[in-house]
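First comes the structure, then the notes that go with it.
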Amino acid sequence: MELSFEQLKSMVVFAQVIEQGNFSAAAKHLGLSRAVVSYHVKKLETQLGVRLLNRSTRALALTEEGRLYYQRCRAIALEASAAQRQIENLKQEPEGLLKITCPVNVGLQLVVPALDKFKKTYQKIQLDVLLTDEVSNIVREGIDFAIRGAPLVDSDLQATHLATLNTYLCASSEYLDQHGWPRAVEDLAQHQWVLYKPAPKLLEFSREGRSYSITVKGDVATNNAAARTAFVEGGHGLGRIPVYDAKPKMETGRLKRLMPDFDFAPIDVYGVFSLGAANSKKLRLLIDYLKQHFETLDDQVL
């Protein structure tokens, strides 16, 4: 049986239902109504004579036939996207939308200034920038490029290293006046810390080739890097702060650097994108631009 254009459309819709997790999210992503999405899936099941999804009030689950069929539908959708990008890449001036997600603090401090210059250079490229400390599902949410401060763990994605951000151990004068300066490694475990929840409580650092580690504790915890710096500045404990955030506050005296002869673990920044987006011209331009931008920043910033 030959495939009709309508059936090809239904296959793409079905692939989006699985990737987005439900009919409503797929409808929003595709710009269709939920009823139209449901119609396409039911029509496929009727044409194929098999059930593709087991439906409940709370969730969708692929049947074995649905799982096999989804793989083919996903391949067709990826090929269609690749064809679109290939045509896009033939254009002399890149254009189209880039949807980008990034942690809030590094976004405001380093990435948004770079994107400002990028947009002025490539004026036909549209930017949709989502700043959040939550880890987004870039396939499900239709994100082209995610900036993350951790190595890649999802095998369906691709990552590229953008920069290495050095960190300083810091505290406020107010805190140090009350609790004293840590002078030795064993002192650090006795101090209060502002806990950054995405990071492990085991702090690792080194000096002259020798490695150390301590378990940190504290009464204040946050999932936001800017809030961590603010709490450290407010005198609530010690904190490992990226240099780009710490240095301006050190220059004004609001933060003091502790134990400068020790090296605290840097933060490696990665750009993450789907395998299907790897050949997008506008995405490659963005990656190259960000790498060059980070390379030109002063060493004291990174």
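Note that the coordinates shown come from a computational prediction; the quantities given were computed from them, not determined experimentally.
- Nearest heavy atoms, A163 versus F294: CB-CG, 3.5 Å.
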side-chain contact (heavy atoms from CB on, under 4.5 Å) between L131 and L108, intermediate numbers included: CA-CA 8 Å; L131 297 184; L108 291 174; 3.7 Å; yes
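- Between the side chain of K249 and the backbone N or O of E233 there is no donor-acceptor pair closer than 3.5 Å.
- Shown here are the ring-ring contact (aromatic ring centres under 6.0 Å, His included) partners of H29, two or more places apart in sequence or in another chain: there are none.
- Looking at heavy atoms from C-beta onward, F273 lies out of side-chain contact with I100 at the 4.5 angstrom threshold.
- Atom CG of L258 is separated from atom CH2 of W181 by 6.0 Å, given to the nearest 0.5 angstrom.
- The closest donor-acceptor contact from the side chain of D245 to the backbone of T229 lies at 3.5 Å or more, if one exists at all.
- Considering every non-hydrogen atom in both P242 and I267, the closest pair reads CG-CD1, 3.9 Å.
- Side-chain N or O atoms of D187 include one that pairs as donor or acceptor with a backbone N or O of R183 at under 3.5 Å.
- Using a 4.0 Å cut-off between charged nitrogen and carboxylate oxygen, K256 and E251 do not count as a salt-bridge pair.
- Within the 4.5 Å cutoff, the side chain of T63 has no heavy atoms near those of the L53 side chain.
- Taking CG of L115 as the reference point, atom SG of C102 lies at 8.0 Å (rounded to 0.5 Å).
- Proximity of V129 to K119: side-chain heavy atoms (C-beta onward) are nowhere separated by under 4.5 Å.
- Atom-to-atom distance recorded for M11:CE and Q16:CD is 13.5 Å, nearest 0.5 angstrom.
- By the rule that hydrophobic residues join a cluster once side-chain heavy atoms approach within less than 4.5 Å of another member, V112 and L127 end up as members of one cluster.
- No side-chain heavy atom of L62 sits less than 4.5 Å from a side-chain heavy atom of L52.
- In terms of hydrophobic clustering, with Ile, Leu, Val, Met, Phe, Trp and Tyr side chains grouped at heavy-atom distances under 4.5 Å, V41 and I76 are assigned to a common cluster.
- Checked by atom type, the side-chain pair N224/N105 shows no donor-acceptor distance below 3.5 Å.
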Is there a ring pair (Phe, Tyr, Trp, His ring centres under 6.0 Å) between H191 and Y175? Walk through the geometry before answering. CA-CA 10 Å; H191 279 267; Y175 177 87; 5.7 Å; yes
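- Judged purely by atom type and a 3.5 angstrom limit, K281 has no side-chain atom pairing as donor or acceptor with the backbone of L285.
- Using a 4.5 Å heavy-atom cutoff, the side chains of L283 and F145 are in contact.
- Without hydrogens or angle criteria, W193 side chain to D219 main chain gives no donor-acceptor distance under 3.5 Å.
- The aromatic rings of Y270 and H161 sit perpendicular, their planes meeting at an angle over 60°, well past the 30° parallel limit.
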Could you go step by step and tell me if L188 and M259 meet the side-chain contact (heavy atoms from CB on, under 4.5 Å) rule? CA-CA 10 Å; L188 294 177; M259 304 178 73; 3.6 Å; yes
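- Considering every non-hydrogen atom in both A15 and Y70, the closest pair reads O-CE1, 3.7 Å.
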Please walk me through it: do E134 and K197 pass salt bridge (Lys or Arg N to Asp or Glu O under 4.0 Å)? CA-CA 12 Å; E134 300 297 323; K197 290 196 284 188; over 6 Å; no
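- For R72, the CZ atom is loosely surrounded, since the number of other residues' heavy atoms within 6.0 Å does not exceed 12.
- Taking CZ of R148 as the start and CG of L162 as the end, the distance is 12.5 Å to the nearest 0.5 Å.
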Donor-acceptor pairs are to be reported for all side-chain atoms of residues 198-217 against protein atoms at under 3.5 Å, with residues two or more places apart or in another chain.
residue: R207; atom: NH1; partner: D261; partner atom: OD2; Å: 2.9
residue: K217; atom: NZ; partner: A189; partner atom: O; Å: 2.6

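- Annotation: cation-pi pair R240/F264 absent, no NZ/CZ under 6.0 Å from the ring centroid and within 45° of its normal.
- Atom CD of E79 has 12 or fewer neighbouring heavy atoms from other residues, nucleotides or ligands inside a 6.0 Å radius.
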Assess whether side-chain contact (heavy atoms from CB on, under 4.5 Å) is satisfied between E95 and Y122, documenting all intermediate values. CA-CA 8 Å; E95 59 184 70; Y122 302 103; over 6 Å; no
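- Each side chain to side chain donor-acceptor pair (under 3.5 Å) pair with one or both residues in residues 33-42, not counting sequence neighbours, appears once here: S10-H40, S24-R34, Y39-K43.
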Candidate pair R140 and Q20, rule side-chain contact (heavy atoms from CB on, under 4.5 Å), full reasoning: CA-CA 5 Å; R140 181 174 297 173; Q20 301 298 324; 3.4 Å; yes
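- T160 places none of its side-chain heavy atoms less than 4.5 Å from the side chain of V272.
- Cluster annotation: L110 is connected to L286 through the hydrophobic network of ILVMFWY side chains, with a link wherever side-chain heavy atoms come within less than 4.5 Å.
- At a threshold of 4.5 Å between non-hydrogen side-chain atoms, the residues K99 and L130 do not count as touching.
- Between H236 and V232, every side-chain heavy-atom pair lies at or beyond the 4.5 Å cut-off.
- Across V139 and S274, no two heavy atoms sit closer than the pair CG2-CB, 4.5 Å.
- Hydrophobic cluster membership differs between I241 and L195, with clusters built from Ile, Leu, Val, Met, Phe, Trp and Tyr side chains linked at under 4.5 angstrom.
- Contact record, T167 with A265: OG1-O, 2.8 Å, taken as the closest heavy-atom pair.
- In this structure, E65 contributes its side chain and V50 its backbone to no donor-acceptor pair below 3.5 Å.
- Taking CG from L97 and CD1 from I125, the interatomic distance works out to 10.0 Å, rounded to the nearest 0.5 Å.
- In terms of heavy atoms, G253 sits closest to S173 at O-OG, 3.9 Å.
- V243 and L255 fall within the same hydrophobic cluster, where Ile, Leu, Val, Met, Phe, Trp and Tyr residues are linked whenever their side-chain heavy atoms come under 4.5 Å apart, directly or through other members.
- Here the CD-CG distance, from E295 to L290, works out to 11.0 Å after rounding to the nearest 0.5 Å.
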